[in-house]
Amino acid sequence: MIYVTPREAQVYLKDDQVVVLPTETVYGLAANGCSDAAIAQIYAIKNRPAFNPLIMHYFDVARVQEHVVWNALAESLAQAFWPGPLTLVLPRCPKSPLSLLACAGLETVAVRVPAHFIMREILEALPFPLAAPSANPSEQLSPTRASHVMEAFRMRDVQPAYMVDGGACVVGLESTVVDVTGERPVLLRPGVLTVDQMRPVVGDFAPYDAAGPIKSPGQTLRHYAPRKPLRLNVTDPLPGEGYLAFGPTIAHAFVYQLSASGDLIEAAANLFASLHEMDQDSRFQRIAVGPIPMQGLGIAINDRLGRAATHEFSLAGPDRV
Ligand code: TXA
Ligand code: MG
């Protein structure tokens with residue numbers, strides 16, 4: 001990992017590369033939020049066991065509004081607390097160019113306008129938002145100094161290549177996540193900004209309804225389920241099935257490729273977009289997926305496919321990534 005300037009970081013980010021950037025909360029592993037290929041590298045570097053959806057970071061509210069369905073609750077909270085350690089979950093605009101992989105196929109997206117001056121300088125100059133989870137390998141503590149990031153990745157095979165050192169993060173705790181898709185706000189992840197601080201601005205919060213529609217993928221991962229039934233680990237697709245292949249494959253009528261060369265990063269990048277396209281393809285009514293090795297990013301790919309295949313919600317572990 002090498003240290004780069006904010007201006008160099010902009011160049012690498014435009015080239016779909018991952019750069020570690022400081023925010024006021026924690027350091028983030030940042031990449032182009034509209035590029036599946038860039039986002040797949042974030043998941044590979046973090047070694048996340050599942051594709052937990054990522055927060056999109058924007059320069060200002062006007063840019064956020066281009067990608068989400070904005071509402072009065074969001075407006076009040078944004079006016080009061082942005083830029084700052086608050087993340088809002090809102091419906092994604094149907095036509096938004098955001099990476100489906102970063103949103104884990106959900107119809108909502110988590111957005112925030114961070115306060116750190118380096119992050120803001122970089123965001124202002126880029127024509128896209130930055131997806132950025134905390135810059136730690138999965139299961140490890142979030143980093144609040146550049147040295148934490150260096151230390152956490154020192155012994156690992158897959159590392160981010162670049163980092164901007166912004167000193168110590170002043171907040172030091174991940175942002176508060178609030179769902180504003182309903183009539184009342186719902187706290188999805190507690191953070192330094194508390195409900196007591198937000199209540200005067202938006203009124204009472206609704207309790208998190210564990211039995212209702214799943215809203216917090218950090219605690220309970222909702223899968224992206226295509227409408228069409230899905231079969232996994234299929235080497236010989238049946239007539240009438242669309243085939244989602246990984247690596248070289250036998251001739252078949254309706255083949256989609258995750259990665260012809262068997263590259264897991266490329267496959268992760270193509271996963272959600274391929275499933276969406278196959279769902280829309282009227283030539284077949286069922287989807288068969290080829291075997292994908294259970295190693296590296298293959299674990300996350302198989303995890304998501306497993307959830308998509310069962311048509312049931314599964315429980316994930318607590319949000320430690
Ligand atoms: O302070 C922060 O928020 C840091 C810095 C880098 O900005 N980022 C961060 O990202 O903590 P991450 O990926 O570690 O956490 C994202 C959280 C997870 O709990 C995830 O489940 C939730 O946001 N989230 C993301 N998209 C969501 C969505 N569409 N609906 C509900 N929750 C979502
Ligand atoms: Mg995290």
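When a ligand or atom number is given, it counts from 1 through the structure's own listing order. The residues of the chain are indexed from 1 along the displayed sequence.
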Between ligand 1 and [X], is the shortest N or O to N or O distance under 3.5 Å?
X: T87; result: no
X: T23; result: no
X: H57; result: yes
X: S175; result: yes

Check: Contact between S134 and ligand 1, counting heavy atoms under 4.0 Å?
Finding: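 Within the 4.0 Å threshold, so yes.
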Using a strict 4.0 Å cut-off to heavy atoms of [X], name the atoms of ligand 1 that fall inside it.
X: V26; value: 4 (C), 5 (C), 6 (C)
X: L188; value: 31 (C), 32 (N)
X: G28; value: 6 (C)
X: T25; value: 1 (O), 2 (C), 4 (C), 5 (C), 7 (O)
X: E174; value: 1 (O), 11 (O)
X: T108; value: 28 (C), 29 (N), 30 (N)
X: N52; value: 21 (O)

Check: Knowing that exactly one of H67, R112, Q65 qualifies, which makes a side chain to side chain donor-acceptor pair (under 3.5 Å) with Y58?
Finding: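 For Y58, the side chain to side chain donor-acceptor pair (under 3.5 Å) test succeeds with only one of H67, R112, Q65, which is H67.
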Next item on the list: Could you name the option among V89, I55, V192, V186 that has the heavy atom nearest to atom 16 (C) of ligand 1?
Entry: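 Selected option, by shortest heavy-atom distance: I55.
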Check: Can you check side chain to side chain contact (heavy atoms under 4.5 Å, CB included) on S175 and R189, steps first, answer last?
Finding: CA-CA 8 Å; S175 61; R189 179 172 77 180; 3.3 Å; yes
Note to self: Within this structure, what is the CG-CZ distance for the pair D279 and F284, rounded to the nearest 0.5 Å?
What the structure shows: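 Answer for the CG-CZ pair, D279 versus F284, is 8.5 Å.
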Notebook entry, point to check: At what distance, to the nearest 0.5 angstrom, does CG of L21 lie from CG of L29?
Noted result: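 Answer for the CG-CG pair, L21 versus L29, is 9.0 Å.
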Notebook entry, point to check: At a non-hydrogen distance cut-off of under 4.0 Å, which region of D179 contacts ligand 1 (side chain, backbone, both, or neither)?
Noted result: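 The answer is neither.
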Next item on the list: Tell me, please, if S142 has any N/O/S atom, main chain or side chain, under 2.8 Å from the Mg ion (ligand 2)?
Entry: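 Looking at S142, which is the residue asked about, there is no N, O or S atom under 2.8 Å from the Mg ion (ligand 2).
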Next item on the list: Indicate whether any N or O donor in one side chain lies under 3.5 Å from an N or O acceptor in the other, for Q197 and T194.
Entry: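 The answer is yes; a qualifying pair exists.
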Margin query: Checking side-chain polar atoms at under 3.5 Å, does D179 have a donor or acceptor matched by the opposite partner on T181?
Written below: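 Side chains of D179 and T181: pair found under 3.5 Å.
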Check: What pairs of residues pass the salt bridge (charged side-chain N to carboxylate O under 4.0 Å, His left out) test when at least one of them lies in residues 241-250, not counting sequence neighbours?
Finding: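 Salt bridge (charged side-chain N to carboxylate O under 4.0 Å, His left out) check on residues 241-250 returns R231-E241.
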Next item on the list: Using a strict 4.0 Å threshold on nitrogen-to-oxygen distance, state whether E151 and R154 make a salt bridge.
Entry: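 Salt bridge present between E151 and R154.
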Checklist line | Closest non-hydrogen atom pair between E124 and R63, with its separation | finding: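 Smallest heavy-atom distance, with atoms named: O-NH2, 3.0 Å.
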